Structures are given as structure tokens and as C-alpha cells.
2 protein chains.
Amino acid sequence: MDMPIRTADEVDLDRLNSALGFLMRLAQLKIYERFFEEVGEHNLKPGEFSVLWVILHNPGIRQSVLGQRLMIKRAHMTKLIRALEDQNLVSRRIPDGDRRAVEITLTPEAVTRVEQASQWFFTYEASVGANLTADERRQLTALLQKFVGLD
Amino acid sequence: MDMPIRTADEVDLDRLNSALGFLMRLAQLKIYERFFEEVGEHNLKPGEFSVLWVILHNPGIRQSVLGQRLMIKRAHMTKLIRALEDQNLVSRRIPDGDRRAVEITLTPEAVTRVEQASQWFFTYEASVGANLTADERRQLTALLQKFVGLD
DNA sequence: CAAAATTTGTTTACAAAGAAACAATCTCCA
DNA sequence: TGGAGATTGTTTCTTTGTAAACAAATTTTG
């Protein structure tokens, strides 16, 4: 007597299917996966893009603040910024007021790159909730904003 | 003339603050972070728990199907399962029908562990949307389920 | 049926991200 | 003032996850 589960949608998740952490992880992976199918290797990865985007809109932002806002740990931020510096996309400046800190700015080159990239980034973003109605999408966005405290 | 951004909530995210991928990432990190504050090092990590939970409810499930459902890549799944096997939590069986496949079952020991762990896991899960109203929480759950195709 | 293509899992090499320890600087207050 | 404690960033080590090449078994198809 053998009746094995053959496909993913036959799997019984029991209560797990309403666990927010679980759903959120699936949702994020799904977005990320589709991103590479659709956008491909479009030179800027989503993570890099958002870092550069935030620097563009907050020139001279400090590494620590950037990390807090994007929830990137300091150790990791150091590496990201160095990688961007190596590609000549950002420049670092030690402010006079506080010589521990580092203020980040985009190079002119990066400004162009980010502005271009923002076109396909937000185009993709707009397509993300395609299996939801426009209204559901708005609701979801609003709820997530409240959830993470961005409202 | 210097007016630097000092705190994370002064940061201008522009359109990024309604990008679903971005919000989803923040949300997931926030959940994960709080998880370790509240639950601490409660021997089973969220990832391990969900794998074991799904095996509990689908005994003899195949590695590939498990991976598809939890969106874990095959290469990674191999390592996870081996780690669980080393802890004597799961056993692997090659079915007669298809000798490429591996069917996974919990050891009796693991059944107890998972049932215990499920108590604190779902207790924590229930506390996750605490800054939302009960109704908002329900909506969010439903929208996410639809989003990931679990409805 | 036999060769080609696909599926399943493993291995190896690598990338992304976090933890802990550290150094430099700054803040606060006794 | 000056020393204790906090902040900021870096380094090193480890964990977590992915990518690509592979082997074995199965399915497809000519």
C-alpha cells in the first residue's frame, strides 16, 4: 500500500501555510527567482540597485544609517561598499565632525547607471503582483508597509 | 552647509518604499530577527523546523518534492537532510519504484522533538503581526497565500 | 528495442550574509 | 579633565545558500 506524494501541491503543510514567516520567505524567493528570469543578468543585482538608489536620494548618507534602513549588517555593508567602490560607483569621505563615520556619495557615472537601472527595476516591480488584482496589490503593499513600520 | 541624515527614518527611499520585493525582504528580516530575540537558541532553527514539520505531515516524502514545496534547491537540500540524518532525526529510504529517489521519514525521536517545537514555533508565529490589527493580519496572510499560490 | 533526453541526487567550488573580536574615535559624566 | 562606555567601521571566521559538473536511474522517442 503505497501512495507517495508526487507533486509539490499535494504536500500537506498543515498550519505552516498560514505562518507569516513562512509565507514571507516563499514570497520573497518567488520574487527574486522571477527577477532573474525576466530581468536576467542586467548588470545591477537587486541588492546593489537598492543600495545605490538610496545613496542617490540621500547623498552623503553614512554607512551605518544606510545599513539600518536597508537592514544590512555593518560587516556586510563594508564589503558591499568596497565592491561598489572598486567598480567606481561610490566614493567614501570621512566627515570632519566624526572621524569614525564614512559618508557615501555616487560617482557621476553611477548616477547615470542607477537612473537607467531604475527604469527596468520599477517596471519589473510593477509586474510583481500579477496574480493579484490591482486592489489586492495596493492592500498588500499598504499592509507590508505598516508591518515593517514604513507608514 | 551640512545637514546630514542621522537616523534611519529620515532616509528618503523614494519609490523604493512601495516596491514589493523590498518590503518583503524587510518584513522577512524583521521576523527572523525577532525570532532569535524571543525564541533564542531553541535548538531547532526555523528552517530545520519547517523541514521536519513537513516531513512529519508527509511521511516518506521525496527530497525533490520537499525542496519544491519549501523552495530549497536540490544541492542545499542534500546538505540539510544529511545534517538531520547525522542528528538522527530523519531516515532515508530508496524506494523500489524509482531508485534515483530518496524518501524521507522522521525518527520517533524527531516526532517528539517536532511536536514540542511546534508549540513555541506557532506561539511565536501568532505574535508576529503584533502591530497589525487582527483583521489586518488575516488580510495579510490571505494576500500572501494568494501571492505565492497557496490558496 | 536502443539511443537521446530528462530526472534525481550528490559533489565541488564559490558567493552572500552574519557573528565575534578588534581598533579608532567620540560622548558623557564624575 | 580624564577615564568608562558607546559608536563606527573593519577584519576574520563561520554559516547558509547557490551554480555547475557529474553519475545513476528513468522516460521518451525514432
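Within every chain, numbering begins at 1; the chains are lettered A, B, ... in the order of the sequence lines, protein sequences first and strands thereafter. Please read all numbers here as calculations on a predicted model, not as lab measurements.
Distances shorter than 4.0 Å separate some side-chain N or O of Lys45(A) from OP1 or OP2 on dA16(C). Under 4.0 angstrom from either OP1 or OP2 of dG9(D) there lies at least one side-chain N or O belonging to Ser64(A). In this model, the phosphate group of dT11(D) is approached by a side-chain N or O of Arg82(A) to a distance below 4.0 Å at OP1 or OP2. For Arg99(A), a side-chain nitrogen or oxygen approaches OP1 or OP2 of dC26(C) to under 4.0 Å.
What separates CZ of Arg62(A) from C1' of dC26(C) is a distance of 11 Å, to the nearest Å. Across the protein-nucleic acid pair, Arg25(A) atom CZ and dG17(D) atom C1' stand 10 Å apart, rounded to whole Å. Per the geometry, CZ belonging to Phe36(A) stands 13 Å off C1' belonging to dG17(D), to the nearest Å. For the pair His76(B) NE2 and dA19(D) P, the interatomic distance rounds to 12 Å; values are reported in whole Å. Rounded to an integer number of Å, the gap from CD1 of Ile94(B) to C1' of dA23(D) is 14 Å. Computed from coordinates, the Ile81(A) CD1 to dT8(D) C1' distance equals 14 Å when rounded to whole Å. Whole-Å rounding puts the Met71(B) CE to dT16(D) C1' distance at 18 Å. In this structure, the OH atom of Tyr32(B) is 9 Å from the P atom of dA19(C), given to the nearest Å.
Between the side chain of Arg100(B) and the base of dT7(C), at least one donor-acceptor pair of N or O atoms lies under 3.5 Å. In the interface, the side chain of Lys79(A) is paired with the base of dG18(C) through a donor and an acceptor atom under 3.5 Å apart. One donor-acceptor pair, N or O on each side, does fall under 3.5 Å between the base of dG9(C) and the side chain of Arg74(B).
Ring geometry for Phe35(B) against Trp120(B) counts as tilted: the plane angle lies between 30° and 60°, on a 0 to 90° scale.
In terms of modelled atom types and a separation under 3.5 Å, the side chain of Trp53(B) and the main chain of Val114(B) share no donor-acceptor contact. With Asp14(A) contributing its side chain and Leu16(A) its backbone, the two residues share no donor-acceptor pair below 3.5 Å.
Within 4.0 Å (heavy atoms only), Gly97(B) reaches sugar-phosphate atoms of the nucleic acid but no base atom.
When each of Asp96(A) and Ile72(A) is assigned the nucleotide of DNA chain C with its nearest heavy atom, Ile72(A) is the one assigned upstream, toward the 5' end.
For the residue pair Ser118(B) and Arg15(A), the shortest heavy atom distance occurs at OG-NH2, 4.4 Å. Across Leu70(A) and Phe22(B), no two heavy atoms sit closer than the pair CD2-CE1, 3.5 Å.
When each of dG18(C), dG9(C), dT18(D) is scored by its nearest atom to the side-chain atoms of Lys73(A), the top-ranked nucleotide is dG18(C). Considering only side-chain atoms of Ala75(B), the nucleotide from dT11(C), dC26(C), dG18(C) that sits closest is dT11(C).
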